[in-house]
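As structure tokens, the structure follows; a few thoughts come after it.
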Amino acid sequence: MSVRTRFAPSPTGYLHIGGARTALFNWLYARKHGGSFILRIEDTDRERSTRESVNAILEGMAWLGLDYDEGPHFQSERFERYREVIHRLLEEGKAYYCYCTREELEAMRAEQMARKQKPRYDGRCRDRREPRPGVEPVVRFKNPLEGEVVVDDLVRGRVVFRNEELDDLIIARSDGTPTYNLTVVVDDLDMGVTHVIRGDDHLNNTPRQINILRALGAEPPRYAHVPMILGEDGSRLSKRHGAVSVLEYRDQGYLPEALLNYLVRLGWAYGDKEIFSIDEMIELFDIRDVNKSASTFNPAKLLWLNHHYIMHSDPLHVAHHLRWHLGRLGIDPAEGGPDPVDVVLAQRERCKTLREMAQGSAFFYRDFEHYDEKAVKHLKPQALEALKRLYQRLRDLEDWEPEPLHRVVVETAEELGLKLGKVAQPLRVALAGCAVSPPIDVTLHLLGKEKSLARVRRAIAYIEKKADQD
RNA sequence: GUCCCCAUCGUCUAGCUGGCCUAGGACACAGCCCUUUCAAGGCUGCGACACGGGUUCGAAUCCCGUUGGGGACGCCA
């Protein structure tokens with residue numbers, strides 16, 4: 001039987017880091033085994049599910065390149081099917097109507113907690129025949145009273161639950177809509193899912209789901225519960241730990257392959273290998289090798305990986321993403337200025353994110369408004385002579401290439417008896433408006449003769465005006 | 001509280017079928033070198049088997065307990 005995995009998020013927020021890793025593991029497992037990867041949107045909670053969330057999840061998946069072979073299936077479109085299954089369970093005496101009110105249930109829980117017991121439904125409506133006037137009943141699944149359920153988990157190993165620990169969970173709300181534990185079971189069954197790879201937080205649900213599956217006469221799929229991702233304070237990763245949405249990382253200038261590489265190494269390793277291409281992941285990843293313990297999200301390492309990918313990926317590919325970030329700054333390289341590929345080549349060592357690169361490269365495409373306050377100190381009267389001589393030499397230079405440009409700067413420094421930095425820094429600030437840019441010859445080259453000369457003139461004028469004022 | 005799960009450097013991890021481990025790699029951090037800015041790069045350093053019992057000639061590796069952490073316990077998923 002061929003492998004079928006699925007990713008089943010509920011659209012109540014954005015696609016977050018943890019979900020993305022679960023999706024990745026499912027995707028990798030399917031790809032590795034030549035199986036299918038299914039996307040299913042679990043939107044049975046109509047109160048909290050939103051269309052925007054669905055879009056954000058789809059967009060995040062697309063950006064990461066996690067393509068699915070089937071779906072997205074929406075649970076909200078399958079209510080008829082769930083109703084049918086619930087009806088069948090009711091008919092067969094494997095489920096029953098429960099007329100307890102929320103208040104009663106709450107009181108029961110409080111009492112059990114007070115007695116230091118695990119709060120669970122006591123089954124008081126199990127054998128009830130008569131409806132209770134004024135109460136719309138829920139439907140509960142009749143969980144076996146005795147025996148145990150064994151979950152033979154691909155990452156956890158053998159985990160045993162006693163049925164006495166479980167209670168009769170609600171499978172249909174009083175408005176008739178199905179609940180999570182019922183819908184997953186039905187869908188995984190209907191969709192032929194062979195491997196359920198999901199977060200650790202579902203491990204406790206698994207025996208209940210297996211029981212429902214058995215009541216339906218089906219055999220459970222293989223399960224793999226992957227450990228959670230924690231924030232830096234050791235609690236479950238959430239918004240307060242900073243960026244958790246996949247699209248937020250895109251916006252901050254991360255490459256999808258960097259995020260994927262970071263995610264795959266969270267809870268999994270292949271010896272000392274740190275860098276994995278997508279193909280290598282597919283080849284080497286095995287769900288059986290995933291760790292059992294939770295791991296802490298480490299933004300610094302992700303940043304390092306991002307920088308690694310910016311430096312070592314095909315510049316053409318990086319440039320593609322850089323264009324997007326330039327676009328966000330209102331810059332269209334097609335309208336003039338250097339080729340983004342050359343910008344990538346010139347900038348990649350010093351930019352850990354593409355957003356940084358776009359910001360640090362904007363000066364190639366448009367004039368900056370002000371000199372950076374930390375850099376402006378280089379534009380002082382002592383630099384005037386150097387800038388003037390540079391201007392003349394640059395103006396007379398025909399061959400606007402890095403080599404001759406480099407010579408111009410070196411010769412100017414020698415002529416004035418200055419260290420190279422004393423000449424290059426003022427020039428850099430004149431050209432870029434700030435103290436950081438690619439090597440000065442490359443910067444001149446990429447900016448072009450016309451713009452370079454104009455900016456040197458601007459800097460000279462700036463210094464002279466400042467001198468007059470003082 | 002009850003049940004389930006987990007436990008190697010600050011973080012991600014290698015190790016897992018016991019000896020090759022005076023515990024390896026990566027990130028971060030510190031120092032040095034290189035240097036026309038910022039970087040990148042090179043070298044060096046810092047730094048862990050939670051604790052206590054066993055088993056064994058020998059344990060990070062196996063067993064038990066303690067402690068610590070996480071998760072579940074909803075008419076959320």
Side-chain angles (χ1 to χ4, degrees), chain A residues 8-12 42-45 47-49 75 98 100-102 105-106 109 112-121 136-140 151 153 156-157 159-162 164-167 169-177 179-181 183-184 199-207 225 227-228 230 232 234-236 262 265-275 291-305 307 311 347-352 360 375 378 406 409-410 413 419-425 427-429 432 434-441 443:
Chain A
S10 65
T12 54
E42 309 220 323
D43 55 352
T44 52
D45 184 352
E47 306 261 302
R48 299 198 298 157
S49 301
Q75 291 191 324
C98 168
C100 295
T101 63
R102 292 169 203 258
L105 295 174
E106 224 163 276
R109 270 193 284 271
Q112 287 164 330
M113 290 284 259
R115 264 188 281 138
K116 304 195 170 187
Q117 288 175 344
K118 183 178 190 166
R120 39 198 290 285
Y121 181 65
E136 281 301 323
V138 298
V139 178
R140 285 184 188 272
V151 181
D153 196 278
R156 276 19 248 236
V159 185
V160 183
F161 296 84
R162 283 170 310 157
E164 313 160 30
E165 292 294 333
L166 277 24
D167 62 358
L169 63 287
I170 294 173
I171 54 176
R173 303 182 181 96
S174 43
D175 66 2
T177 59
T179 61
Y180 166 75
N181 280 109
T183 59
V184 236
D200 216 350
D201 48 340
H202 289 290
L203 184 56
N204 287 289
N205 284 325
T206 308
H225 286 93
M228 311 248 73
L230 275 24
E232 278 168 311
S235 69
R236 193 173 169 161
Y262 179 73
R265 281 285 286 96
L266 225 46
W268 177 78
Y270 188 79
D272 287 340
K273 192 170 167 61
E274 294 286 350
I275 306 299
N291 273 173
K292 295 176 182 178
S293 53
S295 43
T296 307
F297 186 72
N298 182 192
K301 186 149 187 179
L302 171 56
L303 191 60
W304 172 79
L305 269 166
H307 192 197
M311 284 194 292
Q347 293 278 43
R348 58 185 178 181
E349 295 90 24
R350 84 201 83 252
C351 302
K352 289 185 192 289
H378 292 286
H406 174 70
V409 180
V410 170
K419 288 175 78 174
L420 200 49
K422 292 285 179 192
V423 176
Q425 266 321 82
L427 178 56
R428 187 187 313 282
V429 177
C434 59
V436 176
S437 85
I440 200 66
D441 45 357
T443 301

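To find a chain, count down the sequence lines: A is the first, B the second, and so on, and within it residues start at 1.
Remark: B:rC16 base-pairs with no nucleotide; criterion is Watson-Crick or G-U wobble with both hydrogen-bond distances under 3.5 Å. Using N1 to N3 plus N6-O4 or O6-N4 for Watson-Crick, or N1-O2 and O6-N3 for G-U wobble, each under 3.5 Å, B:rC9 pairs with nothing. Searching all strands for a Watson-Crick or G-U wobble partner of B:rC29 with both distances below 3.5 Å returns B:rG45. Base pairing of B:rC21: no nucleotide in any strand meets the Watson-Crick or G-U wobble criterion (both distances under 3.5 Å). With both pairing distances under 3.5 Å, B:rA50 is matched to B:rU66 as a Watson-Crick or G-U wobble pair. Pair assignment for B:rC34 gives none, since no Watson-Crick or G-U wobble pairing has each distance under 3.5 Å.
Contact annotation for A:Ala435: base contact, defined as any heavy-atom pair under 4.0 Å involving a base atom. Residue A:Phe297 is out of contact with every strand shown, counting any heavy-atom pair closer than 4.0 Å. When heavy atoms are screened at a 4.0 angstrom cut-off, A:His378 is found touching no nucleic acid atom at all. Among the atoms of the strands shown, only primed sugar atoms or phosphate atoms (P, OP1, OP2) are found under 4.0 Å from some heavy atom of A:Glu165. Heavy atoms of A:Pro438 sit under 4.0 angstrom from at least one base atom.
Under 4.0 angstrom from either OP1 or OP2 of B:rG25 there lies no side-chain N or O belonging to A:Arg265. Regarding contacts with the backbone of B:rC3, every side-chain N or O of A:Asn204 stays at 4.0 angstrom or more from both OP1 and OP2. In this model, the phosphate group of B:rU13 is approached by a side-chain N or O of A:Ser295 to a distance below 4.0 Å at OP1 or OP2. Look at A:Arg109 and you'll find a side-chain N or O under 4.0 angstrom from OP1 or OP2 of B:rG74. In this structure, A:Thr179 does not reach the B:rA77 phosphate: none of its side-chain N or O atoms is under 4.0 Å from OP1 or OP2. Between A:Ser293 and B:rG70 there is no side-chain polar atom (N or O) within less than 4.0 angstrom of OP1 or OP2. Applying the 4.0 Å criterion to OP1 and OP2 of B:rA40, one finds that A:Lys352 has a side-chain N or O inside that range.
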Worked check of salt bridge (charged side-chain N to carboxylate O under 4.0 Å, His left out) between A:Lys118 and A:Glu164: CA-CA 11 Å; A:Lys118 183 178 190 166; A:Glu164 313 160 30; over 6 Å; no
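Within 3.5 Å, a donor on the side chain of A:Asp272 pairs with an acceptor on the base of B:rG24, or the reverse. Between the base of B:rA77 and the side chain of A:Asp201 there is no donor-acceptor pair shorter than 3.5 Å. Side-chain atoms of A:Glu349 stay outside donor-acceptor range of the base of B:rG41, with no qualifying N/O pair under 3.5 Å.
Atom C1' of B:rG54 sits at a distance of 28 Å from the matching atom of B:rG70, rounded to the whole Å. B:rU67 and B:rG25 have their P atoms separated by 36 Å, given to the nearest Å. Across B:rA39 and B:rU44, the matching P atoms stand 22 Å from one another, rounded to whole Å. B:rG69 sits 33 Å from B:rU22 when the P atoms are compared, rounded to a whole Å.
Atom CD in A:Glu232 sits roughly 10 Å away from atom P in B:rC12 (whole-Å rounding). If you measure from atom CG of A:Asp167 to atom C1' of B:rC73, you get 8 Å, rounded to the nearest angstrom. The NZ atom of A:Lys422 sits 14 Å away from the P atom of B:rU36 (whole-angstrom rounding). For the pair A:Asn291 CG and B:rU8 P, the interatomic distance rounds to 9 Å; values are reported in whole Å.
Between A:Leu230 and A:Gln425, the residue anchored closer to the 5' end of RNA chain B is A:Gln425, taking for each the nucleotide with the nearest heavy atom. Mapping A:Asp441 and A:Arg48 onto RNA chain B by nearest heavy atom places A:Asp441 at the nucleotide closer to the 5' end.
Side-chain atoms of A:Arg115 and A:Gln112 form no donor-acceptor pair, as typed in the model, at a separation below 3.5 Å. Checking A:Thr44 against A:Thr183 by side-chain atom types alone, no donor-acceptor pair falls below 3.5 Å.
Under a 3.5 Å cut-off, the side chain of A:Asp43 and the backbone N or O of A:Gln75 do form a donor-acceptor pair.
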